[in-house]
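Keep in mind that the numbers below use all heavy atoms, side chains included, and drop hydrogens, waters and symmetry copies. From a predicted model like this one, the values you see are computed outputs, not experimental measurements.
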Amino acid sequence: MLALENSGASDSSVCTDDTAGVVLIHRQIRGRVINIWLVLTVALGAVIAVGDGLTRAPNLELESSPLQPFGYEPYHAALLLAGLTLPLMFAYARRARVSFTEGFFLWFTLCTTTYTRDFSYLRLPGTPLFVTDIVLVVLLASLYILPRAQKPQHPLALNIFLMLFVAAGLVSAARGFWGNGEPTLVLRDSALVVYAFFLLIGYQLFRNWSSIRTLAVWFLLGTVLNVLNGAAWFVAAPEQRRFVFPGIYVLVALAVVLMMMANRLIRKKAGWALAAVFFVGLLLANARSLFISLAIVLLSALLLRGLLRVKVGSVPLIRVLVSVSLLGCALVFLSVHVKAERDFATRVVEELESGTLHVGEDPTWQFRLVAWKEAWRRFEKSPLAGEGFGVPFTFGIWDNDARPHNTFLTVLYKMGLIGFLPLFGLLGYFFWRGLQCMHGNSKNRRVAFLQIGILAQLALCLFGSANLLLESPYLASLFWTVMGVDLGMIRRLDLEKLLRNYPACSRTNRVLAENEPVGQQLQHSP
């Protein structure tokens with residue numbers, strides 16, 4: 001690899017050095033994704049999640065936002081899970097031969113997907129810093145301040161849109177502090193832009209296919225623990241309206257597993273078991289926006305495969321969808337034979353019917369419509385810069401600062417066009433580059449990972465159109481991370497295509513594609 005650090009290296013000097021190829025192979029050696037420390041971590045997490053669910057009392061205010069942004073008291077089980085699994089995760093990182101920085105983020109992903117709000121709202125006593133803020137600072141310092149190997153450069157469009165978005169956030173925060181905004185609410189609203197830096201973490205941290213697979217495994221396992229916690233809570237308090245909140249990670253996990261099954265990226269038995277667990281979790285979440293989002297995501301998956309002519313996997317996606325639909329019907333049929341399950345299944349069906357067929361009579365959707373009108377009214381008062389951060393979202397029928405339950409409208413009315421347009425441009429750039437890369441790399445089997453990542457991001461965006469997303473640390477952090485990981489996959493797939501077109505690189509293409517610094521040299525070489 002030392003021979004490749006000269007930016008003026010020719011094709012032959014880059015690709016005929018077998019010694020460099022051997023060095024690169026050793027740089028990419030990683031341990032097994034599943035090892036004894038992963039098993040111990042998940043087993044301990046399952047005990048904590050199930051025990052916590054079985055001892056929980058009904059919580060009728062699960063969905064309501066606290067009156068004070070720093071007044072929410074998380075369940076103690078979230079702190080217990082975080083404290084006990086952190087040393088296990090570092091042991092896992094050493095055994096799996098991944099960096100401690102990556103292991104730290106895997107721990108964060110596990111805890112966030114398991115306990116969502118309860119984990120994210122853990123904070124240092126006497127400070128406004130949540131655990132998500134601490135993780136963000138530690139990871140940024142590790143990636144950009146501490147000495148590291150050469151990092152891949154960010155795409156120019158990404159830098160421009162992200163800087164404009166952050167600049168708009170600074171303007172909105174300044175207006176909130178110097179205007180009529182409440183300081184604590186200004187800090188809360190700043191989450192709209194602060195957590196966007198997780199995009200850079202996802203782009204820089206997960207730089208090879210093995211690390212992406214590892215992240216997917218920990219995400220799925222954390223979501224399984226979330227479902228186990230909800231199922232145990234259902235046993236303890238069946239009168240609760242919903243037991244998995246907010247449920248978006250269950251939706252994403254189900255879509256990921258279905259796409260992995262369709263592309264033979266997961267063993268059949270494991271795939272069916274996970275699909276059953278996540279289908280149950282989707283029912284326990286009992287949110288109509290999730291069911292609608294799932295239908296749109298799966299339809300988009302079918303259309304993308306046809307329009308872009310993506311040939312990944314030999315198992316038709318339609319066959320997997322039909323099979324999972326039958327599995328879901330079987331689970332619902334079995335549930336109606338037990339009274340508690342029958343009552344809950346009836347509530348799920350009634351709420352789904354009310355929210356889709358009788359929208360005009362559904363109070364939840366009517367509240368959203370009124371809230372969206374209020375947000376638009378505030379935007380019209382100051383369309384360029386918005387009203388700024390720190391102003392409570394209270395209006396005629398609501399005084400609990402619930403915000404308009406549409407994350408894009410929240411950005412629009414709080415930050416105005418100077419904040420909304422960079423966000424829209426960033427999302428547009430991401431989806432455009434993603435679809436372009438899928439089409440250009442349709443013959444590469446690894447494009448299936450990008451397709452899954454794009455569908456996951458689509459699911460998050462659909463959820464955010466009727467719920468909080470960028471405003472919440474437990475949602476915004478992984479939303480931006482997924483985008484960063486996807487952009488990294490786009491860059492990697494394009495690099496592999498470039499390497500395949502190098503006639504002198506036939507023996508080392510696969511190794512070079514995994515090495516970011518070498519890829520940069522190839523892109524700039526004549």
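Side chain to side chain, Asn444 and Glu496 meet the donor-acceptor criterion of an N or O pair below 3.5 Å. Looking at Ser142 and Thr101, their side chains do bring a donor and an acceptor atom within 3.5 Å of each other.
Crowding of Phe197 atom CZ: a count of heavy atoms from other residues, nucleotides or ligands under 6.0 Å not exceeding 12. Summarising the local packing, CZ of Phe424 is surrounded by 12 or fewer heavy atoms from other residues, nucleotides or ligands at distances under 6.0 Å.
Using a distance-only test at 3.5 Å, with no hydrogens or angles considered, a donor-acceptor pair links the side chain of Thr114 to the main chain of Gly222. Judged by distance alone, the side chain of Thr116 and the main-chain N or O of Phe245 form a donor-acceptor pair under 3.5 Å. Using modelled atom types, one side-chain atom of Arg445 and one backbone atom of Asn263 make a donor-acceptor pair closer than 3.5 Å. Put simply, the side chain of Asn467 never gets that close to the backbone of His405: no donor and acceptor are under 3.5 Å apart.
Among Tyr203, Phe479, Phe108, the single residue meeting the ring pair (Phe, Tyr, Trp, His ring centres under 6.0 Å) criterion with Phe198 is Phe108. With Phe105 as reference, Phe206 is the one residue of Phe206, Phe219, Trp218 to meet the ring pair (Phe, Tyr, Trp, His ring centres under 6.0 Å) rule. The one candidate from Arg492, Arg213, Met260 that meets the side chain to side chain contact (heavy atoms under 4.5 Å, CB included) condition with Phe449 is Arg213.
Using a 4.5 Å cut-off on side-chain heavy atoms (C-beta onward), Ile201 and Leu136 make contact. Looking at Asn229 and Arg56, their side chains come closer than 4.5 Å, going by heavy atoms from C-beta outward.
If you take OG1 on Thr113 and CG on Leu220, they are separated by 9.0 Å, rounding to the nearest 0.5 Å.
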